Amino acid sequence: MSSVRTRFAPSPTGALHAGTVRTALFAWLVAKKANGQFVLRIEDTDQARSIEGGVKNIIDSLSFIGIDWDEGPNKPSDFGPYVQSERLDKYQEFAQKLIKSGRAYADVSTKDELDKLRENAKQSKKPFLFRDYRPENPPVWNGSQPLRLMSNPKPYEWNDLVMGKMKSGAEAIDDFILIKSDGFPTYNFAHIVDDFLMKVTHVIRSQEFISSVPRFLNLYEALGFEAPKMATLPPVLDTTGKRKLSKREGAKQVLEYRDMGIMPEALMNFVALLGWNDGTTQEIFSKEELIQKFDLSRVQKGGAQFREDQLIFLNGVYIRKLSLDELHSRVSDFWPESATEFDDDYKKKVLSVIQERLKYFSEITELTPFFFKDLPVDMKLIDENKFLKSLDKSQLKELLNKTKASLVSSDFSVEDLTYKLNNLLTEQDQKPAVLFSLIRIATTQAASSPGLADTMSVLGKEKSIARIDTMINALS
RNA sequence: GGCCCCAUCGUCUAACGGUUAGGACACCAGGUUUUCAUCCUGGCAAUAGGAGUUCGAUUCUCCUUGGGGUCACCA
């Protein structure tokens with residue numbers, strides 16, 4: 001019976017991307033490895049920034065990548081509700097406790113006053129601390145003013161499971177707001193109350209919070225809570241390597257990767273490697289291996305740049321490992337419209353010849369159109385082909401006629417096609433790059449395709465010959 | 001600006017204080033007697049700078065530089 005409990009506590013203010021999902025993944029891995037529980041909590045205390053569908057996006061994104069939770073908004077349990085806006089009574093309760101013990105007070109200052117004080121501090125190049133301006137006789141808190149913590153400034157030392165020994169001075173401690181004037185708690189207050197009530201043992205979060213930890217420690221003391229273990233994750237940077245990954249900088253949502261046909265296993269593997277490794281050169285990790293091998297002590301301290309090309313490469317590796325049947329069932333949503341009327345056997349044949357070049361499922365649309373419909377003849381393919389430049393139309397036509405003559409007696413098995421095509425090379429004294437490029441263009445109307453014999457075998461005799469005829473006519 | 005954190009190839013990263021500083025992506029070249037792709041082989045490419053400790057620093061300490069975070073009634 002393990003007591004490890006971790007949580008992922010996103011705000012429904014936007015779609016999940018690789019950076020946020022990594023935080024979720026690491027917290028989930030810590031819980032799974034210890035046979036503990038993983039809690040999903042929605043932090044929607046900022047009503048203005050919450051967006052429609054935010055919670056659904058979180059749930060769909062985590063579900064896609066394969067992260068499940070033991071307790072959450074759609075999985076009620078002993079410590080619920082798991083949505084902060086439904087827990088206001090709990091924050092009130094602890095706010096009153098702090099007031100009673102003299103550790104919280106109403107803030108009656110106006111925005112203008114605060115702005116002015118901050119501005120002055122900036123002018124004199126000094127940090128602004130509200131506690132320097134604590135009112136001497138604050139009024140009784142009536143719930144319509146912000147409630148502030150009466151902090152107890154002092155230095156702290158603590159251990160961060162990723163960053164190691166940390167320390168701060170008393171100047172890091174201030175009287176921060178616990179409850180906003182709209183009655184909702186701030187993150188700073190709500191997450192501490194919730195983590196305590198939900199018995200969270202390890203708080204794992206990204207590094208923008210690290211400078212707030214001393215204030216959190218101060219609040220834990222004021223509330224009489226034992227602080228949980230903390231782990232701070234390094235930032236995930238965007239492709240410029242300069243900023244934190246964010247929607248604004250064009251980071252793709254997790255669901256966009258689903259829609260382009262990135263496999264969840266590959267995405268999980270890739271995200272796990274963003275700041276973590278097991279100390280060996282291993283780079284392919286199954287979910288089970290990640291759970292078994294993951295360790296916060298091996299999480300990188302520096303930021304990692306998110307590179308989509310590395311994700312796509314990894315996805316290709318995962319695709320090539322699939323059996324044909326698995327691949328077939330996974331790509332069912334990615335076929336072009338023209339494929340609708342074709343049966344599963346035919347589609348599997350198509351897949352078998354494109355599997356090794358597929359990097360993500362939505363690529364199927366570009367890679368396979370000629371398997372499903374006759375494309376119009378495009379002379380540019382011949383004109384712009386570097387191998388066919390030296391031949392004139394009559395030569396091309398002659399080659400296609402010879403090809404047709406040879407193939408009419410083929411059974412169109414890959415073996416026989418290969419044999420006949422190779423004979424043709426000798427007979428016509430042509431280089432493969434020339435003759436096969438021509439036949440490829442005739443049968444596919446594409447600049448590239450899977451192997452020629454493979455492709456024609458899938459297309460079948462009737463269609464292949466008909467397309468060669470079409471090309472011969474077009475050359476006349 | 002104050003405070004905090006960080007620093008190995010372009011990118012992700014490995015290296016009990018002793019290695020020709022390793023792997024992967026990307027890129028380049030060659031090969032797999034057919035394009036594209038896959039696969040294989042090879043190539044390019046890094047310890048930010050300066051002191052110190054040490055017989056010996058990528059590794060430990062300090063300084064500089066650079067990067068990031070934070071200083072909200074956002075999280």
Side-chain angles (χ1 to χ4, degrees), chain A residues 9-11 13 43-46 48-49 107 111 114 118 121-129 145-148 160 162-164 166-169 171-172 174 176-188 190-191 205-215 232 234-235 237 239 241-244 270 273-284 300-307 309-314 316-317 320 354-359 363 367 385-387 418 421-422 425 430-441 444 446-453 455:
Chain A
S11 294
T13 53
E43 310 219 324
D44 59 345
T45 55
D46 185 344
R49 289 209 316 154
D107 174 12
K111 185 176 185 302
L114 284 174
R118 287 204 180 93
K122 202 174 176 184
Q123 292 294 326
S124 56
K125 299 201 170 186
K126 285 191 170 174
F128 170 74
L129 289 172
Q145 316 103 332
L147 184 71
R148 280 189 190 265
D160 185 290
V162 171
M163 295 300 175
M166 305 284 297
K167 62 179 179 200
S168 66
E171 69 284 346
D174 195 15
F176 61 89
I177 290 177
L178 306 170
I179 308 263
K180 298 179 274 185
S181 56
D182 65 2
F184 281 75
T186 59
Y187 165 83
N188 298 328
H191 90 274
R205 59 187 151 203
S206 56
Q207 65 140 44
E208 67 254 36
F209 297 105
I210 198 166
S211 55
S212 301
V213 168
R215 299 209 300 271
T232 302
L237 308 170
T239 36
K242 291 188 172 166
R243 282 166 232 224
K244 224 174 52 158
F270 179 73
L273 255 26
L274 226 41
W276 174 84
N277 68 81
D278 75 339
T280 73
T281 57
Q282 182 174 349
E283 287 175 341
I284 307 292
Q300 208 76 12
K301 292 181 181 176
Q305 187 174 326
F306 178 85
R307 287 289 297 267
D309 55 351
Q310 294 179 353
L311 167 62
I312 287 174
F313 165 82
L314 193 64
V317 173
R320 272 168 254 131
I354 64 162
Q355 180 166 16
E356 67 184 22
R357 68 200 59 216
L358 199 58
K359 290 212 170 73
E363 240 186 345
L367 257 30
N385 187 292
K386 61 182 173 181
F387 301 112
T418 306
L421 287 169
N422 283 334
L425 286 178
Q430 281 294 347
K431 288 188 171 153
V434 176
L435 182 63
F436 292 172
S437 290
L438 176 62
I439 303 173
R440 167 172 297 105
I441 290 170
T444 66
S448 65
S449 79
L452 192 52
T455 303

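Given the structure is predicted, the values throughout are model-derived calculations rather than measurements. Quick note on labels: first sequence line is chain A, next is B, and so on, each numbered from 1. Side-chain atoms are counted along with the backbone in the values below, which use heavy atoms only and exclude waters and symmetry mates.
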Under 4.0 Å from OP1 or OP2 of [N]: is there any side-chain N or O of [X] that close?
X: A:K180; N: B:rC74; result: yes
X: A:R118; N: B:rC71; result: no
X: A:K359; N: B:rU38; result: yes
X: A:T45; N: B:rA75; result: yes
X: A:N277; N: B:rU13; result: no

Which part of the nucleic acid, if any, lies within reach of [X] when heavy atoms closer than 4.0 Å are counted: base, sugar-phosphate only, or nothing?
X: A:A304; answer: sugar-phosphate
X: A:K301; answer: sugar-phosphate
X: A:K431; answer: nothing
X: A:F209; answer: base
X: A:S11; answer: sugar-phosphate
X: A:Q300; answer: sugar-phosphate
X: A:K122; answer: nothing

When you match A:D44 and A:S211 each to their closest nucleotide on RNA chain B, which lands nearer the 5' end? A:S211

Between A:D46 and A:F128, who's closer to the 5' end of RNA chain B by nearest nucleotide? A:F128

Go through the structure and list residues passing side-chain hydrogen bond (donor to acceptor under 3.5 Å, both in side chains) with A:Q355, not counting sequence neighbours. none

Looking only at atom C1', what distance separates B:rG67 and B:rC28, rounded to whole Å? 31 Å

Between B:rA24 and B:rC40 - P atom distance, rounded Å: 9 Å

If pairing requires Watson-Crick or G-U wobble contacts with both distances under 3.5 Å, which nucleotide is the partner of B:rC60? B:rG52

In the structure shown, which nucleotide is the Watson-Crick or G-U wobble counterpart of B:rA7, with both distances under 3.5 Å? B:rU65

Determine whether A:T45 and A:H191 satisfy the following criterion, side-chain contact (heavy atoms from CB on, under 4.5 Å), listing intermediate values before the conclusion. CA-CA 10 Å; A:T45 55; A:H191 90 274; over 6 Å; no

Given A:F306 and A:F270, is the ring pair (Phe, Tyr, Trp, His ring centres under 6.0 Å) satisfied, shown in steps? CA-CA 10 Å; A:F306 178 85; A:F270 179 73; 5.6 Å; yes

From A:I179 atom CD1 to A:T186 atom OG1, the distance as rounded to the nearest 0.5 Å: 7.5 Å

Which pairs, protein N/O on one side and nucleotides 21-25 of chain B N/O on the other, fall under 3.5 Å?
| residue | atom | partner | partner atom | Å |
| --- | --- | --- | --- | --- |
| B:rG23 | N2 | A:E283 | OE2 | 3.3 |
| B:rA24 | O4' | A:E283 | OE1 | 3.3 |
| B:rA24 | O4' | A:E283 | OE2 | 3.4 |
| B:rA24 | O2' | A:E283 | OE1 | 3.1 |
| B:rC25 | O2 | A:Q310 | NE2 | 3.4 |

Testing the basics here: between A:T444 and A:S449, what is the closest heavy-atom pair and its distance to 0.1 Å? CG2-CB, 4.2 Å

Using modelled atom types and a 3.5 Å cut-off, is there a donor and acceptor pairing between side-chain atoms of A:E43 and backbone atoms of A:S11? no

Can you name the atoms? Protein N/O to nucleotides 28-34 of chain B N/O, anything below 3.5 Å, with the distance.
| residue | atom | partner | partner atom | Å |
| --- | --- | --- | --- | --- |
| B:rU34 | O2 | A:R440 | NH2 | 2.9 |

